[in-house]
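The structure under discussion appears below in the form of structure tokens.
Only heavy atoms go into these numbers, but all of them, side chains included; no hydrogens, no water, no symmetry mates. Counting from 1, the numbers follow the sequence of the chain as shown.
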Amino acid sequence: MQKTLLKASLAFLSSITLSAEKPMAQLPGELSADQILNGEYMWPDSPKVDLSKVDDKNFDPYAFGKVPAPGIHPRILISPEDLPRIRAGIKNTLAGAYAYHQITVNQKESIRNKGSESYELLKALAAGDEDLAMKIMKKERKFPRKQKYSHRYGFAYVLMTEALDSLIREDEKMGKEVAAAISTLSKIYHKRLIAMDESFKSGKITTDKHNTPDRFHGFRLNEQSIQLNGDVWRSNRRSAIDGEPWFAFMYDYAYKWMSEEQRANCRKTLNKYHFGKTTMGSHMPHHFRNWNWIAIGSGGLYLTALATEGEPGNDQRVIDHAREILSDFVKYGWSDMGSSDEAIGYSQFGLRWAIPGFIAMARRGDNIWNLNRWKNSVNWYAQSSQPNAFGKGNDSGQRFISHGDGGQGGPSTMTMQAFKRFYPNDSVVDYVLQRTNQVELDENGNFPPPNKKTFYNTYPHMDLIIAADSSKKQYNDGKNLGLKNTFFDPDRNSLITRDKWGLDQLQLQFEARDDGHAPNHQHADKGAFTLTGAGRVWADERFRSVEGRHHSLVIIDGKGQGYFTPPSTWLGMQDNEDVTIAAVDTAYSHAWRWPGELCGYVDLNDPRRKFARYANFTEKADAFLAKNLDFKWQDHVDRHPKLEKFYKGFEKGDPRIWDEYSRPLRIEHNPVEKAFRSAMLVRGEHPYVLITDDIKKDDQERLYEWLMMLTPNTEIASINTHEIMLFDESHPNVEMKPGLNRKIGAKVPMCLVSVLDRTIPEDIYTNPQIRLETFELKDARSWPQGRGFQLQKRLVIPSRAVEPNFKVLLYPHYKGAKLPKYEWNESRNQVTVTIGKQVDVITFTMQNNGRNKISISRNNKKLAEL
């Protein structure tokens, strides 16, 4: 009954919108597209950021040449004079050769596969047979030959690469066929755009002759696509041309082979698409433009508008505006230190459009590649890199770790090859490029087959255009780079520290992000750590492990921090040649959560509730309100100081992160009396890490579980009460036997986890046991339908107590190394850690706020105190 009422409510709201006398091109209270494109702006100045330039004589500002005069094509990313360079790249670089190989594989398996759908569609389009082409697009024809596209690539992409290939090979016959096909396709695209515009003006969905509005001219024409028509993103106008900017590149690459009539057809469609339109980020203040969709939306519109740059019918305002948004993405999506708002892997998803956009900008003299904050991202990538002791086949050889969605991913080949072109002699650029997923030939000198991992967040045509190989120089896992051992980003509260660079480094990552201002791609991981040592990763980060129970944290009765997660507090850090120690307060992150469906959709007067673009959020909000009749959303606005600073003065027009989420509403989640964590990396002959948790929910006995998320090939060698020995089961010197038997040989990576302290209940029979768990990494939010990603392992150290008093020492080493010994004083506030001749005295002093002050001394010399 409730679902029926909700659906009826949504239908009613939709009917209001569709039957409105004046359909809206933008939301109420916002500037129109024309006002925005004409330079009007409705907010105060955004916070200033450091836009200083890199002082590097080796920087090549025109690594990709200069844009030619209007009317000369190709022009978006390359010029006619760049074609010899691209041909040379195919011949002389592994990157160029493999990119071209990927393109030809795609073509042979689809558009050049006679009898396949793509082949027949190409022939129909080239012959100008729109009716036949439409039947194929609508899946009304079956074909004898199967076709296979590599990851993410469809017909429009492959047709675009055919056009590029015709230029590279100077194949006039192929070029003219592709040009004719593109011209016919432009007519279909133009009809789609007209249908969208007419439907918008009339307030009802225009149907085709078969009365099938959902497949109008081969694409979905629905309620969303005829609303908010002033914006290519909100209206999903992008889908009408099969996803910008493939069609722009088609025109650019096939221009040489086109007749004037064909060029005019394409220009008319390209201009019809972009003229007078805005995109993702247009209706936001500058500093709101800081997430991946900003890059995709603005990069796509910018590149598409550049196709007819300087030609009749082009809207230069759109070019200038989209370039502004792209620039803001760098200014506000990256910190001074070069860290992104998102994890490295996920940030590359947005950079699929931003990198081509940044290259196009540089060709036009608007260069962001030598902004310090952008160049510094390479340092962040390098600092996040992981040693790879045993080759590609070993799970322990993860190459990059950061935090949030995509946290185990690294920079894409496209990103790093572009940096290599702009900074050809930069050793850090070269080092990171070496460690991206670059292709290697097999033992027979052949390329590997295309696969999802190889192509993650990149496109072959971009790798072909860039085509930059790394050098063969050996950097010894960063030892020869001269980078500092500690990287701390105060804008992100993110710490990466190590005892040294090299294969055997001990690396600790520890952070307490407070830069999330709405639901985002960050996780419930404030205070989480990752650990690397003895040539491999031990404490791990996974792609979408969003909840606290999926991270190296403490959970209480199975519950961790709220998700989406409010800010935490970075309490301080000391860093010197002997010790790096930091402390965080995560109580606020435990106490509250930000439900995305409530952030902007529980106000019944909000105009977004009337538009199809936001219907999914509205439906979820209505379901919540139906269960919580006394809910007053005004009382739940999160007033955290970081949010006040971000939003105050910028409420006009209700700008939203991702165009979706308003200022967060907080809901009580897991309030705690305190939640402090300290992390310390101790350098020396025998380096180690100490994690101290001062956490307490209330005065009741609770089950506290100290978690350490492990890599899949990590196993337990032994448990001796409070001494857990982990090892790398995939190492060649390990012989696995039936049952729990195994033979661990010399030099096998191991990690000792020593529980120096935890509270044991008086009734020892209720004391839960330390264990290694294999579990499904699955979201709880939509249980039991929540997203599941893969099996995961974790070490669980439990304490049933009012306050668990966890103090855990982590000591990665190789089999046969000297192991620590421990001795507590009588008061148990001081422990002596002895490893060989290294003797460290660690003192814990409880402060009034309930957090232990930690100090460490060696040879009667205080090394650090926090």
Evaluate the criterion side-chain contact (heavy atoms from CB on, under 4.5 Å) for residue pair Trp233 and Trp293; output intermediate values, then yes/no. CA-CA 10 Å; Trp233 187 279; Trp293 282 7; 3.7 Å; yes

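- Distance alone, capped at 3.5 Å, places no donor-acceptor pair between the Ser79 side chain and the Val67 backbone.
- Figure legend: cation-pi geometry between Arg656 and Tyr601, with NZ or CZ positioned under 6.0 Å from the six-membered ring centre and within 45° of its axis.
- Taking each heavy atom of Pro44 and Tyr41 in turn, the nearest pair found is O-CE2, 3.5 Å.
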Inset, instruction - Check the pair Ile226 / Leu221 against side-chain contact (heavy atoms from CB on, under 4.5 Å), numbers first and verdict last. - result: CA-CA 8 Å; Ile226 69 168; Leu221 185 64; 3.9 Å; yes

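- A donor-acceptor pair is defined here as one N or O able to donate and one able to accept, closer than 3.5 Å; such a pair exists between the side chain of Gln262 and the backbone of Ser259.
- Remark: Glu198 does not engage Lys201 in a salt bridge, criterion side-chain N to carboxylate O under 4.0 Å.
- At least one cation-pi condition fails for Arg363 and Tyr62: the charged atom is not both under 6.0 angstrom from the six-membered ring centre and inside a 45 degree cone around its axis.
- Side-chain atoms of Asp231 and Gln26 include no donor-acceptor pair closer than 3.5 Å.
- Other residues, nucleotides and ligands contribute at most 12 non-hydrogen atoms within 6.0 Å of the CG atom of Asp45.
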After noting the C-alpha distance and the side-chain angles of Ile296 and Met280, does the key distance pass the side-chain contact (heavy atoms from CB on, under 4.5 Å) rule? CA-CA 8 Å; Ile296 298 169; Met280 170 61 67; over 6 Å; no

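- In this structure, Pro655 and Trp43 have side chains that are in contact, with non-hydrogen atoms separated by less than 4.5 Å.
- Residues Ile359 and Ile466 form a side-chain contact, since some pair of their non-hydrogen atoms from C-beta on lies under 4.5 Å apart.
- Checked against ring pair (Phe, Tyr, Trp, His ring centres under 6.0 Å), His517 has the following partners two or more places apart in sequence or in another chain: Phe646.
- Looking at Leu164 and Ile78, their side chains come closer than 4.5 Å, going by heavy atoms from C-beta outward.
- Between Phe247 and the options Tyr253, Tyr273, Tyr189, a ring-ring contact (aromatic ring centres under 6.0 Å, His included) holds for only Tyr189.
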For side-chain hydrogen bond (donor to acceptor under 3.5 Å, both in side chains), just list the numbers for Ser225 and Asn236, CA-CA rounded to whole Å, side-chain angles, deciding distance to a tenth of an Å, and then say yes or no.
CA-CA 6 Å; Ser225 61; Asn236 204 26; over 6 Å; no

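- With ring centers used as reference points, Trp334 lies under 6.0 Å from Phe329.
- When ring centroids are compared, Trp246 and Phe155 stay outside the 6.0 Å threshold.
- Side-chain atoms of Ser183 never come within 3.5 Å of backbone atoms of Cys266 as a donor-acceptor pair (strictly under, hydrogens ignored).
- A donor-acceptor pair is defined here as one N or O able to donate and one able to accept, closer than 3.5 Å; no such pair exists between the side chain of Arg666 and the backbone of Val637.
- Side chain of Glu644 to main chain of Lys642: no donor-acceptor pair is present (N/O by atom type, distance under 3.5 Å, no hydrogens or angles).
- The backbone N or O of Arg75 lies less than 3.5 Å from a partner atom in the side chain of Asp252, making a donor-acceptor pair.
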List the steps and the verdict of side-chain hydrogen bond (donor to acceptor under 3.5 Å, both in side chains) for Gln522 and Asp341.
CA-CA 8 Å; Gln522 294 177 17; Asp341 266 351; 5.4 Å; no

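- A donor-acceptor pair under 3.5 Å is formed between the side chain of Gln417 and the backbone N or O of Ala468.
- A donor-acceptor pair is defined here as one N or O able to donate and one able to accept, closer than 3.5 Å; no such pair exists between the side chain of Arg613 and the backbone of Gln224.
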Report task. Apply side-chain contact (heavy atoms from CB on, under 4.5 Å) to Trp380 and Ile344, showing your working. Result -> CA-CA 9 Å; Trp380 177 46; Ile344 295 172; 3.4 Å; yes

ask   = side-chain hydrogen bond (donor to acceptor under 3.5 Å, both in side chains) between Asn520 and Trp291: does it pass, once the steps are laid out?
value = CA-CA 8 Å; Asn520 52 51; Trp291 291 94; over 6 Å; no

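- Remark: Arg237 does not engage Glu244 in a salt bridge, criterion side-chain N to carboxylate O under 4.0 Å.
- In this structure, Glu261 places its CD atom where only 12 or fewer heavy-atom neighbours from other residues, nucleotides or ligands lie under 6.0 Å away.
- Side chains of Asp242 and Met160 form no contact here, defined as non-hydrogen atoms less than 4.5 Å apart.
- One distance of note links CZ of Arg513 with CG of Asp515; it measures 4.0 Å at 0.5 Å rounding.
- In this structure Tyr251 satisfies the ring pair (Phe, Tyr, Trp, His ring centres under 6.0 Å) test together with His73, Tyr255, sequence neighbours excluded.
- Between Phe419 and Trp369, the ring planes are perpendicular. Angles over 60° get that label, and only those under 30° would be called parallel.
- Two residues are said to be in side-chain contact when any heavy atoms from C-beta on lie closer than 4.5 Å; Gln348 and Pro411 meet this criterion.
- Side-chain contact, Ser282 with His321: a donor N or O sits under 3.5 Å from an acceptor N or O.
- The closest side-chain heavy-atom distance from Thr278 to Val232 is not below 4.5 Å.
- Between Phe64 and Phe422, a ring centre-to-centre spacing shorter than 6.0 Å is recorded.
- Note that CD1 of Ile76 is 9.0 Å distant from OG1 of Thr308, once rounded to the nearest 0.5 Å.
- Ring pair Trp658/Tyr661 is tilted by interplanar angle, where 30° to 60° counts as tilted.
- There is no side-chain donor-acceptor pair under 3.5 Å between Glu311 and Asn271.
- Side chain of Ser335 to backbone of Ser339: a donor-acceptor contact under 3.5 angstrom is found.
- Side-chain contact between Ile465 and Asp82 is absent, with no heavy-atom pair separated by less than 4.5 Å.
- At least one donor-acceptor pair under 3.5 Å links the side chain of Arg492 to the backbone N or O of Ser340.
- Among Arg421, Lys57, Lys420, Lys375, the single residue meeting the salt bridge (charged side-chain N to carboxylate O under 4.0 Å, His left out) criterion with Asp426 is Lys375.
- Inter-residue side-chain proximity for Asp659 and Met284 is flagged as met; some heavy-atom pair is nearer than 4.5 Å.
- Under 3.5 Å, the side chains of Asn265 and Ser186 contain no donor-acceptor pair of N or O atoms.
- Of the N and O atoms on the side chains of Asp34 and Ser32, not one donor lies less than 3.5 Å from an acceptor on the other residue.
- Between the side chains of Asp315 and His274, no donor N or O sits under 3.5 Å from an acceptor N or O.
- A donor-acceptor contact closer than 3.5 angstrom is absent between the side chains of Asn229 and Ser235.
- With a 6.0 Å radius and a threshold of 12 heavy atoms from other residues, nucleotides or ligands, Lys645 has its NZ atom at or below the threshold.
- Note that Arg608 lies in the cation-pi zone of Tyr614, set by a 6.0 Å cut-off to the ring centre and a 45° limit from the axis.
- His287 and Ser46 are linked by a side-chain donor-acceptor pair at a separation below 3.5 angstrom, with hydrogens and angles left out of the test.
- The two residues Val318 and Lys277 make their nearest non-hydrogen contact at CG2-O, 3.7 Å.
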Checking salt bridge (Lys or Arg N to Asp or Glu O under 4.0 Å) for the pair Arg609/Asp603: CA distance, chi angles, key distance, verdict? CA-CA 9 Å; Arg609 297 179 64 86; Asp603 178 359; over 6 Å; no

